[in-house]
Amino acid sequence: MHQAPPVKEENPRRAIRYRDPTAISFVQRRREIHPDTHRERDRDTLTEGESVWRTLTDSHAAHTQVRHSHITASSHVHTLVCLDPTKPDKMIKLMCKPAVQVLALRMEWQPDEQGLQQVLQLLKDSQSPDTATQRAVQEKLEQLNQYPDFNNYLIFVLTSLKSEDEPTRSLSGLILKNNVKAHYQNFPPAVADFIKRECLNNIGDPSPLIRATIGILITTIASKGELQTWPELLPQLCNLLNSEDYNTCEKICEDSSELLDSDALNRPLNIMIPKFLQFFKHCSPKIRSHAIACVNQFIIGRAQALMDNIDTFIESLFALAGDEDCEVRKNVCRALVMLLEVRIDRLIPHMHSIIQYMLQRTQDADENVALEACEFWLTLAEQPICKEALSGHLVQLIPILVNGMKYSEIDIILLKGDVEEDDTVPDSEQDIKPRFHKSRTVTLQHEGGEGEEGEDIDEDEDDDDDTLSDWNLRKCSAAALDVLANVFRDELLPHLLPLLKGLLFHPDWVIKESGILVLGAIAEGCMQGMVPYLPELIPHLIQCLCDKKALVRSIACWTLSRYAHWVVSQPPDAHLKPLMTELLKRILDGNKRVQEAACSAFATLEEEACTELVPYLSFILDTLVFAFGKYQHKNLLILYDAIGTLADSEYIQKLMPPLIQKWNELKDEDKDLFPLLECLSSVATALQSGFLPYCEPVYQRCVTLVQKTLAQAMMYSQQPDQYEAPDKDFMIVALDLLSGLAEGLGGHVDQLVARSNIMTLLFQCMQDTMPEVRQSSFALLGDLTKACFPHVKPCIAEFMPILGTNLNPEFISVCNNATWAIGEICMQMGVEMQPYVALVLPHLVEIINRPNTPKTLLENTAITIGRLGYVCPQEDFIFFCDAVASWVNPKDDLRDMFYKILHGFKDQVGEENWQQFSEQFPPILKERLSACYGVTKWLFIVEPLGGGNSSICVLHCPDRGGEGRDWPLRLTDRSHALCVSMRFNSNPYSLLTFD
């Protein structure tokens, strides 16, 4: 009973707690940041360098005791004695002022020499690759963070201890940054003031690394709301634009854009924006570039100060359009792209010139500039003026985009384009992207039919060069051509076809490859116009599957998948059979990239072909079984997806042995379980009772995964310093496989449930703090309700209040599954549902009446209310009818949905029961339901033409849309009419219901 796309929020990933710091080399932390390095790279480099420190310091907030130390008190100082991990027999003292003295810290604070030496030793120890030493460092940090004075030592090392090497000083600042992030609200005012003052006094440090570290520290403090209590900061930042320290100003603008435009700070942007605009004319290209970048931070948020200066801003951008500096040109392009989105009204008068400029910049020698300019076409395609604005420029634009779709030399090197066979080379960990399981979302069909699990709406089809994970000019050009094809449709082809033929048959494989990508990019938008050419092109693409270059073979797989619908619509022997033959060969290709592309293309072809694949199933399954023994780690994960798509096949049993073998090989903590569990869920649902030989060990392992995750979560919540937070994806994917088992096995799951504690575990999962866990829990509850309700029924009194509290549209998928589960429980409980109606019905009615409720949720809610009305008709169903009737102008698809639900429900309960329901309705409700949905007796509005007692009337018969026709009518016999006197707009009229 699963349908509709799984609308799922991204799983929030908890930071991995400290484990093995030897995995990160300190060499990374020693990379110096130069002043001409772009700010994103500054931040990334420092992030790499501080990763150990972040891991070390993230967990200290939970510690309340100082271990391996003792404290002695006097009237003046506290002495914290810690163990030196490198010298176990040596005790080192750190002088820390007591809290009362810290509060009265004077401006001339100076570190105690012994304390300073201990902090420096701590920084040196952190560089050790020894795990035991690193753990001792962590413990020391936990101890020292009990004392706010420790932060003074850190800022002192960063800003004042010039005798130390720069990486050590920078690390000191990064530890302080993490402390600010976690505990700034607990800093005594004197400590906070000292840190802020030192930051401002040293922001011009001669070292680029130290300046960058101080800049990050400033932005972290500012993000804690400190701009309001730090009046000296903003004037200083404005002055920084005229120095080498413009990075910090840009970061502040990026991180605090809303605050800078708020009344809380008296809108400092009113001063800052004009000053930034002045710097657009500065003689230094770096200052010009960063001034534009600062202003760019305020475009999307429509900062009022910028909107007041918008014309000056645009004029200044135009003046810099031909700047010789590539960073300036890049930021000009970025500004114009954002303005196109938020202030297109100001660009329209200049659109012709802007388009000409962007055509030039998309061909810029600097690829970063070209990429930024290429974004313009993507954004323009979303604007209503796109077709009008671009029609006259397609002849120039299309060749530019096509040219941008070629692999660069760097791309080919990164993709190992010269390596043709690598299938025996094991995958490295960095080759494999993290897998995030998507919880299942369920829905109901309108008329009592079974639902089905929805498709993933976030599938990324354009995976032609997935290894190049960064957004690049090739990808952007292809995406732009794709969206423009959807705007212009076949009008694009006269500009494209002459180019395409030369590309597809070009002897240079790089150019031929780009032509195949072009053909795939236009598949959706230009399909109709391409149909006459496909009988010639598809055989050519199938032939390209045998090309000697792996990158040509892989892109041919992808492009053929884009035309799979057309291929399947032709006689099987024409294209499907040769395509299937070659595609299965590519699944066993010697190149891993081709294997991946072929598997993905095959999964798409499966979905399109359905029963057309039956003649080839034996060959297909033999190929997939062989692939199990051939594939390396990464492509094995993709193979699971292809098998899951094939799950409805009667031959799927042939694949169960290798699937179960993989199942037995994987440990409970191995994330490769995610795709395998997803695959088995599809297989179990498809095989139904055919899965019985495998169900018991699979069921028990899923229950164990849920139980272990819940136990680990409880231990972590009680002692976060001793235990790691669990990865709840293991629990989510196990719950979803249990749902698949319940749905596939039906009543056969009864004995498995009886011998397990799944209902107790489900009760805990339904109350988990993570929405995705609750989402999967409610899906399982609904499936167990359908499959083995006697095991669910004893828990209903505990479950229903939890379901009621989760009828919150803020979490759409959670709310959707809770609503669906209530509907399933309702049908099993019958009249016994009565005590729980008040818990859920008000929330359901509120969801129905809520504006902009997603269609899937709206549909499930309407059906669940209808089911409540069916089992408890005395008070419930009228709520739904009233909610529907009160919707004045529902959209067409929503109106159709209500129409189907009402008529489906009427047919389900029968005419006699429906008559009893509808007799309770107030007349105005009957009128609305009849006029809009035709489910009550026809209502005729009869208005007297003469006096009040006249028998000559006008009969108005409304149709479904509320319109209708009028007929003069002489009432000679009222015996078949029920007349109800009412008043409407102060005019008397009658409602007559004719039998």
Side-chain angles (χ1 to χ4, degrees), residues 36 38-39 237-247 249-250 253-254 257 260-261 269-377 379-380 383 385 389-390 393 396-397 400:
D36 59 343
H38 191 253
R39 60 181 174 79
L237 291 177
C238 287
N239 292 333
L240 290 178
L241 267 182
N242 202 17
S243 69
E244 293 185 352
D245 305 300
Y246 32 70
N247 280 328
C249 190
E250 186 178 337
C253 291
E254 179 182 355
S257 58
L260 290 170
D261 193 36
L269 278 191
N270 292 339
I271 299 172
M272 294 174 70
I273 291 292
K275 189 169 183 65
F276 290 147
L277 293 176
Q278 290 177 12
F279 282 115
F280 279 28
K281 301 175 182 178
H282 199 279
C283 59
S284 166
K286 287 186 174 60
I287 293 179
R288 292 198 302 273
S289 171
H290 282 275
I292 302 169
C294 286
V295 179
N296 284 353
Q297 302 301 332
F298 305 101
I299 296 176
I300 297 299
R302 298 172 184 261
Q304 188 57 51
L306 178 56
M307 296 300 105
D308 292 343
N309 292 274
I310 193 69
D311 292 328
T312 304
F313 176 46
I314 293 173
E315 290 170 8
S316 301
L317 290 174
F318 291 165
L320 291 173
D323 199 286
E324 295 180 358
D325 185 79
C326 59
E327 284 297 313
V328 173
R329 296 197 304 274
K330 184 183 79 171
N331 283 323
V332 167
C333 290
R334 182 176 294 176
L336 289 172
V337 170
M338 289 189 286
L339 286 170
L340 189 63
E341 186 175 340
V342 300
R343 290 307 303 264
I344 193 172
D345 59 310
R346 285 295 195 269
L347 297 186
I348 286 176
H350 314 284
M351 191 56 70
H352 177 79
S353 299
I354 293 173
I355 289 174
Q356 288 298 319
Y357 174 69
M358 287 300 187
L359 287 169
Q360 294 176 20
R361 294 284 73 82
T362 308
Q363 304 172 81
D364 199 285
D366 186 287
E367 185 169 336
N368 291 323
V369 178
L371 175 58
E372 208 65 56
C374 195
E375 295 277 1
F376 180 83
W377 315 116
T379 305
L380 183 58
Q383 306 303 320
I385 69 161
L390 266 187
H393 302 278
Q396 296 171 275
L397 175 60
I400 293 172

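We're numbering straight along the sequence, starting at 1.
- Between the CG atom of L339 and the CD1 atom of I314 there is a distance of 5.5 Å, given to the nearest 0.5 Å.
- At a threshold of 4.5 Å between non-hydrogen side-chain atoms, the residues Q304 and M307 count as touching.
- Judged by distance alone, with hydrogens and angles left aside, the side-chain atoms of S289 form no donor-acceptor pair with the main-chain N or O of P285 at under 3.5 Å.
- Looking at residues two or more places apart in sequence or on another chain, you find a side-chain hydrogen bond (donor to acceptor under 3.5 Å, both in side chains) between E375 and W471.
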Determine whether R288 and D323 satisfy the following criterion, salt bridge (Lys or Arg N to Asp or Glu O under 4.0 Å), listing intermediate values before the conclusion. CA-CA 10 Å; R288 292 198 302 273; D323 199 286; 2.9 Å; yes

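- Scanning both residues, T362 and A370, for their nearest heavy atoms gives O-CB, 3.4 Å.
- Atom CD of residue E315 and atom NE2 of residue H350 lie 7.5 Å apart, to the nearest 0.5 angstrom.
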Decide side-chain contact (heavy atoms from CB on, under 4.5 Å) for F279 and S284; before the verdict, give the C-alpha distance in whole Å, the side-chain angles of both, and the deciding distance to 0.1 Å. CA-CA 9 Å; F279 282 115; S284 166; over 6 Å; no

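- Across Y357 and A321, no two heavy atoms sit closer than the pair OH-O, 2.8 Å.
- Side-chain contact between R329 and D364: present, with at least one pair of heavy atoms (C-beta onward) separated by less than 4.5 Å.
- Heavy-atom minimum distance, A335 versus L317: CB-CD1, 3.7 Å.
- In this structure, the separation between OG1 on T379 and CD on E341 is 6.5 Å, given to the nearest 0.5 Å.
- Across every non-hydrogen atom of V337 and E372, the tightest pair is CG2-O, 3.7 Å.
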Test M358 against I355 for side-chain contact (heavy atoms from CB on, under 4.5 Å), laying out the working first. CA-CA 5 Å; M358 287 300 187; I355 289 174; 5.8 Å; no

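- Taking every heavy atom of both residues into account, I273 and A305 meet most closely at CG1-CB, 3.9 Å.
- Residues L340 and M351 have side chains in contact (heavy-atom distance under 4.5 Å, counting atoms from C-beta outward).
- Looking only at atom types and distance, the side chain of H290 has no donor-acceptor partner in the side chain of E327 under 3.5 Å away.
- Side-chain atoms of N296 and F313, non-hydrogen and from C-beta on, do get closer than 4.5 Å to each other.
- For the atom pair CG (D325) and CG (L320), the distance works out to 10.0 Å, reported to the nearest 0.5 Å.
- Note that CZ of R343 and CD1 of I299 are 11.5 Å apart. Values are rounded to the nearest 0.5 Å.
- Taking 4.5 Å as the limit, some side-chain heavy atom of F318 sits within range of a side-chain heavy atom of L336.
- The SG atom of C374 sits 13.5 Å away from atom CZ of R361, with the distance rounded to the nearest 0.5 Å.
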